[in-house]
Every structure is written in C-alpha cells, then in structure tokens.
Participant: 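Submitted below is the structure of interest, expressed as structure tokens.
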Amino acid sequence: MTERAPLSQKITAIAESATLKVDAKAKALKAEGRPVISYAAGEPDFSTPANVVEAAQAALADPANYRYSPAAGLPALKQAIVEKTKRDSGLEVEPNQVVVTNGGKQAVYQAFQVLLNPGDEVLLPAPYWTTYPEAIQLADGTPVEVFAGADQEYKVTVEQLEAARTPKTKVLVFVSPSNPTGSVYTPEETAAIARWALEHGVWIITDEIYQNLTYDGVRAVSIVEAVPEVAQQTLLLNGVAKTYAMTGWRVGWMVGPVDAIKAAANLQSHLTSNVNNVAQRGAIEALTGQQDSAEEFRQAFDRRRKLIVEELSKIEGVTVPTPQGAFYVYPDVQGLLGREWGGRQINTSLELADYILDEAEVAVVPGEAFGPSGYLRLSYALGEDQLLEGVQRLQRLFA
C-alpha cells in the first residue's frame with residue numbers, strides 16, 4: 001500500500017507559541033496541585049468592564065446579531081475605530097480603510113500576507129513578539145533580526161536599520177510600546193525611523209495594541225502621527241484585548257491605505273468572514289463608552305510595574321530597564337548565566353527558565369522566544385500578592 005502523502009512543510013515548520021506553551025505548562029502544574037506562579041501570559045487578570053459585558057448581553061437579545069454581517073466589520077465598529085485612530089494615532093481615515101479581525105493575531109497574519117511576496121525581507125527589531133517571525137515565514141517572507149539590548153533600552157536605531165537593509169527589504173515591523181520589553185520610542189526616535197522608511201520606500205507594520213498602556217507621563221506617539229506622509233505605506237494593527245481586558249473576545253483590526261485594506265478584506269472574506277457580532281458590539285462599547293475602568297487597569301499596571309522592577313533589581317546579576325509601556329518587564333539575566341545553580345550548570349536563559357520553574361515553581365518566558373538568549377520576560381498582569389511572592393521566590397533562589 002502506498003504511504004500517505006506528507007503534511008504541508010510550511011505548516012509543520014511553524015513553532016508553537018512559546019508564551020502560550022510556558023503558560024500551558026504552568027497551568028498543568030497548577031492543576032496537579034503545585035503552587036506555581038506564572039508570569040508567562042500577556043493577559044490582564046481583570047474582568048472585562050461591566051458596561052462592555054452589558055452591551056454584549058443586549059446584543060444577544062437582538063436577532064440581527066445571529067446573522068452574517070459584513071466580512072470587514074460592522075459599520076458602527078469601523079466608525080468607532082476611525083475615531084479611535086484619529087484620537088490616539090493622530091491619523092484621519094475613512095471606514096473603507098478599516099478591517100475588523102479575529103483578534104490582533106489575525107491582523108498580524110493578514111498584514112504580512114497582503115504585503116509580502118516570496119523572498120521579501122522584513123526587518124524585525126529584536127526582542128520581538130514570538131508570533132511575528134512565524135507570520136512572516138507563512139507569507140513566504142524572510143525575517144531579518146535587528147537586535148537592541150538593554151543598553152539601548154531595547155530600541156533599534158536608524159543606523160542599525162540601514163545596516164540591515166538590502167534590495168530585498170520590503171517591510172519594517174515597528175512596535176511601541178513593545179511586547180516583550182515594554183520599551184516606548186520617543187517622538188524623535190519614532191520620527192527618525194519614519195523618515196528613514198519614507199526615504200527608502202519601506203512599508204511599516206506598526207502594532208499599536210499597547211498604545212494606551214503607558215506610564216510616567218509618557219505617550220506612545222504613533223509613527224503616522226510623527227511623520228504623516230508615511231501613512232501611505234503603513235498598516236496599523238490594534239485591538240481591544242489589552243486595554244480593556246478582553247483577550248478572549250477576539251476583536252482586533254487593521255487600518256491602512258485603501259488598496260492594502262481592500263486586499264486584506266478580500267482575504268478575510270475567504271478566511272473567516274465576519275468577526276462574532278456580539279463581540280463586535282462589545283468592542284463598540286469599549287471604544288465609545290466610559291473609560292474609567294480602562295484607566296483603573298492602567299493605574300494598577302503602573303503600581304505593579306514599579307513593584308516588580310524594584311524587587312527584581314535586588315537580585316545580583318539581573319539588570320532591569322524600567323519599562324514605560326505595556327505590562328512586561330524584560331530583565332537582562334546574563335549575569336546569572338555561565339554559573340552553577342543548585343548543582344546544575346546554567347548557560348542559557350532557556351535553561352534558566354527551566355531551573356526557575358523546577359526549583360521555585362515560577363513560570364517565566366526565556367529570551368530565546370523573542371530573540372537572543374540572556375533575557376527573561378515577565379508579565380506583571382497578575383495580582384500584586386502573587387507578583388511579589390513570585391519575585392521573592394527568585395530572590396531566595398539566587399541569594
């Protein structure tokens with residue numbers, strides 16, 4: 001009998017999401033009764049604001065929401081996104097420049113599918129979110145890492161980008177505030193990168209899903225606000241997941257030039273069709289309703305940010321740049337590597353993360369998931385008591 005044909009090489013080459021893998025392992029250990037504290041998932045521990053939930057409950061009573069709706073999004077939600085984009089990104093767009101997606105991840109996937117042809121190169125500042133390189137390769141592109149360490153607050157420079165640019169360079173990924181580092185580019189840094197992209201005709205995919213989570217009076221200036229002319233070659237990605245504690249609702253979006261957005265809408269019409277109508281109604285309320293809950297979430301993240309930076313900084317061998325956005329801290333742990341801990345030789349941050357989970361029952365994500373070894377990502381989107389207990393375990397482990 002003839003052996004069956006193999007699976008797709010492209011799909012089987014995809015790496016599992018490292019953050020979700022670590023979080024799943026932590027949850028499995030918790031289910032076994034172990035007191036694991038997880039800093040792995042980028043998921044707020046808050047409940048979705050009550051006004052959003054009430055809007056969704058009301059939507060359930062309307063039979064219109066039981067039907068197909070436009071694949072690119074409900075008109076009311078697209079209008080709300082238009083208004084948010086003007087308010088927070090300084091860019092005036094029309095509804096036909098918006099596609100509502102099933103979470104931010106679909107927006108990321110579709111952005112690369114729309115822009116890339118086989119062999120196109122994408123400049124990917126590192127540390128980067130673990131999904132970007134996989135999405136680039138699924139679109140037959142080639143990710144080109146451009147690394148910036150803790151000494152640069154994890155922010156790349158125009159000089160680094162220019163050194164990495166080749167005739168095949170098609171796209172730059174720009175993320176501010178950053179996942180995994182929490183770094184926020186200054187308006188001047190942002191403008192310089194925008195001008196560089198404009199000069200060389202490089203498309204920009206800017207992921208702005210953390211733009212409303214900034215601290216110390218810092219504002220994440222959108223790259224299209226810093227240099228408006230670059231909007232002609234920029235796709236903006238966003239969603240309600242982080243700001244409004246709506247990770248499970250799966251509502252994101254893309255904003256960009258009409259031709260690119262039309263192409264994305266055509267793709268989505270075959271891929272998923274419309275996003276869940278009830279979730280879209282909830283997202284409308286999130287964007288247009290009262291913002292008190294979102295501000296309370298932001299202030300809570302700010303308190304946790306200060307606490308985790310202060311406590312991690314007490315561990316000798318750990319360098320902790322203070323993040324100005326998102327809800328992650330990204331310590332440089334190279335001072336802990338190349339040493340023996342608990343009778344084990346630890347040479348990489350992957351080995352270090354395994355050791356921490358085994359010995360302290362604390363789940364962190366190693367730097368290998370986001371670029372070079374030597375770093376850890378900890379999400380502080382968890383309660384302050386758990387946050388403090390977890391770091392104190394690390395302090396005792398490395399005392």
Side-chain angles (χ1 to χ4, degrees), residues 20 23 27 30 37-67 69 73-89 98 100-107 177 179 208-215 219-220 237-253 274-308 325-328 379-388:
L20 296 182
D23 189 55
K27 288 176 179 175
K30 282 185 180 180
I37 294 175
S38 178
Y39 297 92
E43 181 170 40
D45 63 321
F46 309 113
S47 296
T48 299
N51 62 308
V52 175
V53 175
E54 290 166 4
Q57 290 171 332
L60 281 169
D62 184 353
N65 292 313
Y66 309 163
R67 307 297 183 186
S69 60
L74 292 172
L77 179 53
K78 292 174 72 172
Q79 183 58 43
I81 292 167
V82 165
E83 293 165 6
K84 175 188 166 45
T85 302
K86 171 61 176 176
R87 180 173 67 245
D88 293 338
S89 301
V98 177
V100 180
T101 60
N102 289 276
K105 277 188 177 178
Q106 185 178 1
N179 173 9
E208 299 188 335
I209 200 161
Y210 295 98
Q211 73 179 165
N212 297 121
L213 294 174
T214 57
Y215 316 105
R219 178 171 175 264
L237 315 181
N238 214 320
V240 294
K242 311 300 183 177
T243 301
Y244 300 100
M246 294 176 67
T247 52
W249 293 66
R250 311 313 303 142
V251 181
W253 57 82
N274 65 277
V275 174
N276 179 291
N277 291 321
V278 173
Q280 288 194 72
R281 295 292 179 187
I284 293 168
E285 177 61 26
L287 295 179
T288 63
Q290 61 85 10
Q291 301 296 304
D292 296 350
S293 296
E295 176 59 16
E296 289 172 8
F297 299 164
R298 191 194 67 81
Q299 291 180 15
F301 288 139
D302 192 13
R303 292 192 298 272
R304 298 171 186 183
R305 174 185 70 110
K306 293 172 182 175
L307 177 63
I308 198 169
F327 40 62
Y328 308 102
S379 167
Y380 50 88
L382 69 164
E384 291 181 26
D385 291 342
Q386 287 263 296
L387 185 154
L388 182 58

Participant: Could you check if a side-chain atom of Pro177 sits within less than 4.5 angstrom of a side-chain atom of Thr214, using non-hydrogen atoms only?
Facilitator: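 Yes, at least one pair of side-chain atoms sits under 4.5 Å.
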Participant: Which pair of heavy atoms, one from Val240 and one from Ala286, lies closest together, and at what distance?
Facilitator: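 Here Val240 and Ala286 meet closest at CG1-CB, 4.5 Å.
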Participant: I'd like to know if the side chain of Glu285 pairs up with that of Tyr244 as donor and acceptor (distance under 3.5 Å, no hydrogens or angles considered).
Facilitator: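 No.
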Participant: With a 4.5 Å heavy-atom cut-off, do Leu307 and Leu387 have their side chains touching?
Facilitator: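 Side chain of Leu307 against side chain of Leu387, heavy atoms only: contact under 4.5 Å found.
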Participant: Please report the interatomic distance CZ(Arg87) to CD1(Ile81), rounded to the nearest 0.5 Å.
Facilitator: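 CD1 of Ile81 is found 11.0 Å from CZ of Arg87.
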Participant: When you compare the side chain of Leu77 with that of Leu287, does any pair of heavy atoms fall below 4.5 Å?
Facilitator: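 SC-SC contact between Leu287 and Leu77 confirmed.
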Participant: Hey, would you say the Phe297 and Phe327 ring centroids sit under 6.0 Å apart?
Facilitator: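 No, the ring of Phe297 stays outside the 6.0 Å limit from the ring of Phe327, centre to centre.
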Participant: If you measure from CG on Leu388 to CD1 on Ile37, what distance do you get to the nearest 0.5 Å?
Facilitator: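 Reported to 0.5 Å precision, the distance equals 9.0 Å.
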Participant: Roughly how far, to the nearest 0.5 Å, is OH of Tyr380 from NZ of Lys306?
Facilitator: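 Here the rounded value is 10.5 Å.
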Participant: Determine, step by step, whether Glu208 and Leu237 satisfy the side chain to side chain contact (heavy atoms under 4.5 Å, CB included) criterion, reporting the C-alpha distance in whole Å, the side-chain angles of both residues, the deciding distance to 0.1 Å, and the verdict.
Facilitator: CA-CA 6 Å; Glu208 299 188 335; Leu237 315 181; over 6 Å; no
Participant: What I want to find out is whether Asp62 reaches Arg67 closely enough, with some N-O distance under 4.0 Å, to be called a salt bridge.
Facilitator: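 Here Asp62 does not pair with Arg67 in a salt bridge, since their nearest N and O are not under 4.0 Å apart.
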Participant: Go through the steps to decide whether Val52 and Trp249 satisfy the test side chain to side chain contact (heavy atoms under 4.5 Å, CB included), and finish with yes or no.
Facilitator: CA-CA 11 Å; Val52 175; Trp249 293 66; 4.0 Å; yes
Participant: Just verifying a value: how many Å separate Asp45 CG and Ser379 OG, rounded to the nearest 0.5 Å?
Facilitator: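 It comes to 9.0 Å.
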Participant: Please determine whether side chain to side chain contact (heavy atoms under 4.5 Å, CB included) holds for the pair Asn238 and Asp88, giving the CA-CA distance in whole Å, both sets of side-chain angles, and the decisive distance to 0.1 Å.
Facilitator: CA-CA 11 Å; Asn238 214 320; Asp88 293 338; over 6 Å; no
Participant: Any chance you could measure Asn179, atom CG, to Ile209, atom CD1, to the nearest 0.5 Å?
Facilitator: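 One finds 9.5 Å between CG of Asn179 and CD1 of Ile209.
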Participant: For Thr48 and Ala245, indicate whether the former's side chain and the latter's backbone hold a donor-acceptor pair under 3.5 Å.
Facilitator: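 Answer holds: yes.
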Participant: Got Tyr210 and Thr243 here, is their nearest side-chain heavy-atom distance under 4.5 Å?
Facilitator: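 Sidechains of Thr243 and Tyr210: no contact.
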Participant: Output, in order, the C-alpha distance, side-chain angles, deciding distance and verdict of ring pair (Phe, Tyr, Trp, His ring centres under 6.0 Å) for Phe301 and Tyr215.
Facilitator: CA-CA 9 Å; Phe301 288 139; Tyr215 316 105; 7.5 Å; no
Participant: Taking the side chain as every heavy atom from C-beta outward, state whether Arg281 and Asn65 have any atom pair closer than 4.5 Å.
Facilitator: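 Counting from C-beta outward, Arg281 and Asn65 do come under 4.5 Å.
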Participant: When rounded to the nearest 0.5 angstrom, what is the spacing between CZ in Arg250 and OG1 in Thr247?
Facilitator: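 If I round to the nearest 0.5 Å, the distance is 7.5 Å.
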Participant: Any non-hydrogen side-chain atom of Lys86 less than 4.5 Å from a side-chain atom of Val82?
Facilitator: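 Side-chain contact under 4.5 Å: no.
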Participant: Please name the pair of heavy atoms, one in Gly42 and one in Lys242, separated by the smallest distance, quoted to 0.1 Å.
Facilitator: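 For Gly42 versus Lys242, the nearest heavy atoms are O-NZ, 2.7 Å.
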Participant: Side chain of Gln386, backbone of Glu384: donor and acceptor closer than 3.5 Å?
Facilitator: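 No; zero donor-acceptor contacts below 3.5 Å.
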Participant: Between Gln211 and Lys84, do the side chains contain a donor N or O and an acceptor N or O under 3.5 Å apart?
Facilitator: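 Judged by distance alone, the side chains do pair up.
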Participant: So, Glu295 and Arg298, do they make that salt bridge, N to O below 4.0 Å?
Facilitator: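 Yes, charged N to carboxylate O under 4.0 Å.
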Participant: Do any N or O atoms from the side chain of Gln280 and from the backbone of Val275 form a donor-acceptor pair under 3.5 angstrom?
Facilitator: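 Yes, Gln280 side chain to Val275 backbone: donor-acceptor pair under 3.5 Å.
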Participant: Run the numbers on Tyr66 and Val278 for side chain to side chain contact (heavy atoms under 4.5 Å, CB included), then give the verdict.
Facilitator: CA-CA 9 Å; Tyr66 309 163; Val278 173; over 6 Å; no
Participant: Answer whether the closest heavy-atom distance between the side chains of Met246 and Val251 falls below 4.5 Å.
Facilitator: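 Side-chain contact under 4.5 Å: no.
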Participant: Which heavy-atom pair separates Asn277 from Ala64 by the least distance, and what is that distance?
Facilitator: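 Closest pair (atom of Asn277, atom of Ala64, distance): ND2-O, 4.5 Å.
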Participant: Show the nearest heavy-atom pair for residues Asn51 and Gly289, with the distance to one decimal.
Facilitator: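 That closest heavy-atom pairing would be ND2-CA, 4.3 Å.
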